[in-house]
Amino acid sequence: MAETTITRVELVEALLAGVESGRNKMNRQECARFLEAALESISQTLARGEVVKLSRFGNFVVRAKRQRLGRNPKTGKAVAITPRRVVTFRPSPMLRQQVGGAKRA
């Protein structure tokens with residue numbers, strides 16, 4: 001399977017195409033500002049440690065990881081990994097089905 005990356009420009013173009021097919025008209029700059037505002041809002045919400053739920057898409061959750069010991073793969077030496085917060089994503093059942101995952105019973 002070939003890997004592709006969707007860029008912000010491609011997302012703006014997709015928004016623009018969707019808007020042009022509907023009754024509301026937005027230009028490229030308005031679509032770009034809308035996308036940036038949406039992404040900024042999601043980022044700020046996650047930075048506060050809150051959950052972002054996007055219906056029929058999935059949930060972004062901030063998780064705290066504790067300090068632990070890891071190993072340098074090159075030398076095998078034990079290294080302390082500092083505690084940190086990470087963002088995890090849980091896809092919705094609808095997204096899982098759309099991507100091709102098996103449906104849970």
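If you read the sequence from its start, that first residue is 1, and numbering goes on from there. Just the heavy atoms: all of them, side chains too, but no hydrogens, waters or symmetry mates, feed the values below.
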Gap separating the OG atom of S43 from the CD atom of E36, nearest 0.5 angstrom: 9.5 Å
Other residues, nucleotides, ligands: >12 heavy atoms within 6.0 Å of F34 CZ: no
Nearest non-hydrogen partners of K53 and N59, listed with the distance: CG-OD1, 3.2 Å
V51 reachable from V86 in the ILVMFWY side-chain graph, under 4.5 Å edges: no
Donor-acceptor under 3.5 Å (E10 side chain, T7 main chain): yes
Atom of K25, atom of E30 and distance for their closest heavy-atom approach: O-OE1, 4.3 Å
Verdict with reasoning, F89 to L95, per side chain to side chain contact (heavy atoms under 4.5 Å, CB included): CA-CA 12 Å; F89 175 72; L95 180 60; 4.0 Å; yes
Shared hydrophobic cluster, V62 / F57 (ILVMFWY, side-chain heavy atoms < 4.5 Å): yes
Distance (rounded to the nearest 0.5 Å) between Q98 CD and R56 CZ: 10.0 Å
Nearest-0.5 Å distance, CD of residue E40 to OG1 of residue T45: 9.5 Å
Verdict with reasoning, Q67 to T82, per side chain to side chain contact (heavy atoms under 4.5 Å, CB included): CA-CA 5 Å; Q67 183 171 339; T82 59; 5.7 Å; no
R85 side chain to A47 backbone, donor-acceptor under 3.5 Å: yes
Heavy-atom side-chain proximity of R96 to P91 below 4.5 angstrom: yes
Same cluster (ILVMFWY, side-chain, under 4.5 Å), V12 and I6: yes
Check: S41 main-chain N/O paired with Q44 side-chain donor or acceptor under 3.5 Å: no
Gap separating the CZ atom of R84 from the CZ atom of R63, nearest 0.5 angstrom: 9.0 Å
Interatomic spacing from NZ in K65 to OG1 in T88 - rounded to 0.5 Å: 10.0 Å
Closest non-hydrogen atom pair between F60 and V87, with its separation: CD2-CG1, 4.2 Å
CE on M26 to CG on L15, rounded to 0.5 Å: 7.5 Å
